[in-house]
Amino acid sequence: MTDFSPQYLDVLNEEQLAAVTHEGKSLLILAGAGSGKTRVVTTKIAWLIQHKHVDPYSILAVTFTKKAANEMKERAVKLEPKAQWSQIRTFHSWGAYFLRRYADEAGVDKNFTVYDEDDMATLVSKAIPSLPKKEVSQIVRKISLAKDYGLTPASKNLELVGGDGVFAGQYALYQERLRSTGNVDFGDLILLPYLTLKNNEALRRDIHFRYRVIMVDEYQDSNIAQSLLLQELSGVNENAGTYVCVVGDDDQSIYRFRGAEVRNILEFKNQFPGTDLIRLVKNYRSTQEILQCADCVVSNNEGRLGKTLVAARGKGKKPTLVFLPTQDDETLFCANLIEQQHDKGVPYSDWAILYRMNAQSLGFETTFLHSKIPYGIVGTLKFYDREEIKDALAWISFIANPKDEVAFRRIVNKPVRGIGPSSQDKIVDAGLGEDLTGAAKKIKLAKKASEGIEDFCRIFDELSAMLADDEDSVPAGTSLADFVKEVGEKTGLKEFHQMQDEIAGTQKISNLEELANSAVQYPLSRKGLLDFLDSISLDRSTQGAEEDAASQDKVTLITLHNTKGLEYKRVIITGMEYGVFPREDKAGDDLEEERRLFYVGITRAQNELYFTSCAMRRLYGRSNYMQPSPFLNELGKGNFRILGEAPFGFNFANGRAAGAGAIEGASSSAAYSDPIAKKYCKGAMVYHDDWGHGQIVHADLTDEGEYVVTVNFETGGSKKFLPKYQSSSLLVEGT
DNA sequence: GATCGTTCTATTTTT
DNA sequence: TAGAACGATC
């Protein structure tokens with residue numbers, strides 16, 4: 001490799017280059033939507049290794065989603081193969097890595113698995129008996145939030161998450177019970193590394209010695225605990241000299257309700273003194289018209305650092321706001337629009353339908369099914385949330401860590417082995433904090449139950465015996481898939497779910513097979529099993545759904561939240577009504593977050609953007625008169641055109657609303673102000689040097705924002721022209 | 001432990 | 001409206 005070959009720097013714009021080559025204490029990159037931030041981060045990693053001779057091993061780059069982490073790693077390695085030695089992973093998977101490596105220091109079992117919210121609920125209801133289910137899930141939410149805020153049961157300010165003295169006690173009981181299982185929950189993956197580092201100076205030194213560069217992507221989505229962890233990791237308050245670079249967009253922070261704290265990004269420069277700020281505002285994704293709307297909307301927010309995106313692409317087509325009578329008209333309008341464009345060669349996969357609530361997808365599904373428009377929904381029933389998958393995973397988790405009370409309870413009596421809740425309680429009480437199979441064998445149970453336990457333990461032993469203790473003794477030609485398959489067979493789960501399949505026509509068996517297949521890349525060992533479980537619990541994403549839509553030419557139905565990081569050629573943001581978006585209980589900071597969500601939605605669109613708003617909508621089985629979303633008034637004067645009739649009394653700064661019933665295919669009546677467009681308008685008769693006489697039957701803008709017309713010639717042919725470049729060969733007659 | 005009828009409730013969800 | 005959740009019953 002040549003010592004100096006940064007051709008990859010040539011493709012960067014000025015700000016991107018400045019961000020890549022920045023040196024100093026720390027850097028905050030404010031990266032607007034579509035501004036090429038992944039390119040900047042990956043190039044920076046490559047540049048540091050190649051040009052600044054930073055040891056790749058000493059670079060840590062964290063993101064929030066597995067998908068983003070994979071993409072970042074892949075692109076960085078492409079630029080600089082040595083980046084494969086850097087740690088590029090999600091915050092939580094780094095936490096899992098840290099906790100396994102320093103399990104003793106952190107006080108967890110090396111073989112821990114990660115509890116999700118359901119598991120947490122089971123634990124809460126066992127740690128605090130006789131609580132109604134509703135309260136249990138409330139407590140779980142509060143505990144999760146507390147951990148996101150970096151709060152322990154002993155923390156003074158639990159009221160930050162709405163917790164009082166009672167809650168502190170409940171949190172403590174849960175925590176005690178959780179520790180006795182040896183497992184961790186999601187919050188622990190951040191909070192425990194933070195606490196461990198904070199209380200262990202020697203370990204902290206080691207870590208500071210190891211990580212010299214730390215980068216965090218999507219920093220606007222970080223929570224307090226993550227910010228605290230970053231401070232300990234980097235040793236910023238101890239002058240450890242680590243270079244910290246965070247990238248984010250305060251305008252795209254949409255996970256406040258889950259503990260994300262915009263203030264992390266707003267106050268970064270205070271936490272990391274000497275921080276430089278670079279803004280990336282050149283947008284390579286959307287047309288100028290779309291970005292204008294986005295900017296107008298988000299400038300209504302007060303709590304922001306402020307930036308205005310600049311379109312690198314053409315002006316484009318004005319977004320369209322469509323007023324419709326009912327939600328059924330809304331789905332029909334979308335279907336017609338998509339179908340109409342499809343007839344003209346626009347693939348279904350160009351389109352995404354965005355909505356605030358999952359419930360809104362239903363109407364679109366029905367209509368699309370009816371119209372035979374292929375669609376895919378992002379983010380519904382997740383694979384790993386399915387009953388049969390959870391059952392199999394509970395068995396696998398229990399074999400990894402037989403102290404796992406939650407997994408034990410889930411599987412011990414499924415299929416029925418005569419071990420009811422009271423027997424389960426007896427076993428768990430006797431064996432809290434130890435191998436529960438051992439405890440189960442020791443204590444005295446009813447005849448039926450003890451026979452069941454014998455059976456259960458036999459299965460456990462047989463399955464455990466399949467796994468190699470160390471990597472060297474893994475038999476050739478095997479994989480963890482063999483084990484997962486055997487879990488289905490031996491435990492009776494397969495038989496159990498086969499019955500369900502026959503009764504309800506479900507896909508449980510094939511789901512179990514799919515689970516086994518996904519384990520094929522892991523070795524048949526204890527380590528392989530833990531890696532497999534980690535890969536599952538740390539990637540609960542709606543994997544594949546987006547790629548699926550593109551590869552199979554489907555319309556994407558998706559919640560606004562789920563669109564973050566994605567882009568589509570044509571976007572329809574639906575349900576633009578007060579009460580739906582924004583919800584009517586939103587005010588202050590919450591309203592600003594809703595507005596950011598709108599901003600995220602708008603900036604997903606590359607070429608075309610539509611908003612739909614209904615005068616009437618069924619909500620919770622009731623029909624309601626709706627007011628247009630106040631956000632529509634924030635789109636900015638003249639930044640969009642209107643189809644349909646705005647509800648009475650709703651005046652737009654923007655002005656003109658088309659007459660009643662004027663709902664039509666959006667591209668057919670475009671009013672372009674450009675003189676060329678005026679001249680070559682729809683209906684005009686033209687003469688072409690080569691093709692003869694004809695008429696303009698259609699006028700539109702291309703993806704690049706160029707004015708394009710379709711001409712039908714007397715000879716029968718039809719052809720598209722860009723008049724801007726054809727003014728001499730394509731003549732308008734009668735002028 | 002399964003099934004049926006009644007009652008209640010109702011965002012968003014990277015890990 | 002629709003689903004989950006709970007209690008009563010077999």
task: Assess whether one donor atom and one acceptor atom, taken from the side chain of R356(A) and the base of dT12(B), lie less than 3.5 Å apart.
output: yes

message: At 4.0 Å (heavy atoms only), tell me whether F91(A) reaches a base, stays on the sugar-phosphate, or touches nothing.
response: nothing

- prompt: In terms of side-chain heavy atoms of D539(A), which of dT15(B), dT11(B), dT13(B) is nearest?
  reply: dT15(B)

message: How close do D249(A) and A33(A) get, counting heavy atoms only, and between which atoms?
response: OD2-N, 3.6 Å

statement: Atom OH of Y620(A) and atom P of dT7(B) are separated, to the nearest Å, by 22 Å

- prompt: Between D251(A) and R304(A), is there a side-chain N and carboxylate O pair less than 4.0 Å apart?
  reply: yes

Salt bridge flag under 4.0 Å for residues E71(A) and R75(A): yes

message: Distance check needed: dT11(B) P versus K586(A) NZ, whole Å only.
response: 11 Å

statement: Among dT13(B), dT15(B), dT11(B), the one nearest any side-chain atom of Y255(A) is dT13(B)

query: In whole angstroms, how far is the C1' atom of dT12(B) from the OH atom of Y355(A)?
result: 12 Å

- line: Ranking N413(A) and F64(A) by the position along DNA chain B of their nearest nucleotide, the one closer to 5' is N413(A)

field: Candidate nucleotides dG1(B), dT9(B), dT15(B), ranked by approach to the side chain of T65(A) - the nearest
entry: dT15(B)

message: Distance check needed: dA4(C) C1' versus E387(A) CD, whole Å only.
response: 15 Å

field: Nearest-angstrom distance, C1' atom, dC6(C) to dT11(B)
entry: 24 Å

message: According to a cutoff of under 5.5 Å between the ring centres and under 30° between the ring planes, does F257(A) stack with the base of dT12(B)?
response: yes

V416(A) side chain, from C-beta outward: closest of dT13(B), dG1(B), dA10(B): dG1(B)

- request: Look at N358(A) and dT11(B) and indicate whether a side-chain polar atom (N or O) is within less than 4.0 Å of OP1 or OP2.
  value: no

Spacing between L131(A) atom CG and dA5(C) atom P, to the nearest angstrom: 16 Å

message: Tell me the interatomic distance from R417(A), atom CZ, to dG1(B), atom P, rounded to whole angstroms.
response: 12 Å

- prompt: Among the nucleotides dC6(C), dT11(B), dT13(B), which one has an atom lying closest to any side-chain atom of K133(A)?
  reply: dC6(C)

message: Taking the nucleotide of DNA chain B with the nearest heavy atom to each, does G418(A) or T90(A) sit closer to the 5' end?
response: G418(A)

field: Check: K147(A)/Q175(A) side-chain N/O donor and acceptor closer than 3.5 Å
entry: yes

field: Closest listed nucleotide, where the reference is the side chain of R583(A) and the choices are dT9(B), dT15(B), dT11(B)
entry: dT11(B)

field: Integer angstrom distance from the P of dA5(C) to that of dT12(B)
entry: 16 Å

task: To the nearest Å, give me how far apart CG (L619(A)) and P (dA10(B)) are.
output: 14 Å

query: Any Lys/Arg nitrogen of R409(A) or D425(A) sitting under 4.0 Å from an Asp/Glu carboxylate oxygen of the other?
result: yes

field: Atom-to-atom span, CZ of R89(A) to P of dT15(B) - whole angstrom
entry: 14 Å

message: Mind checking if K147(A) touches a base, just sugar-phosphate, or nothing, with heavy atoms under 4.0 Å?
response: nothing

- prompt: Does the pair R410(A)/D119(A) count as a salt bridge with the N-to-O cut at 4.0 Å?
  reply: no

- prompt: Would you say Y384(A) reaches dT15(B)'s phosphate, i.e. side-chain N/O to OP1/OP2 under 4.0 Å?
  reply: no

query: Is the distance from OP1 or OP2 of dT15(B) to the nearest side-chain N or O of S93(A) less than 4.0 Å?
result: no

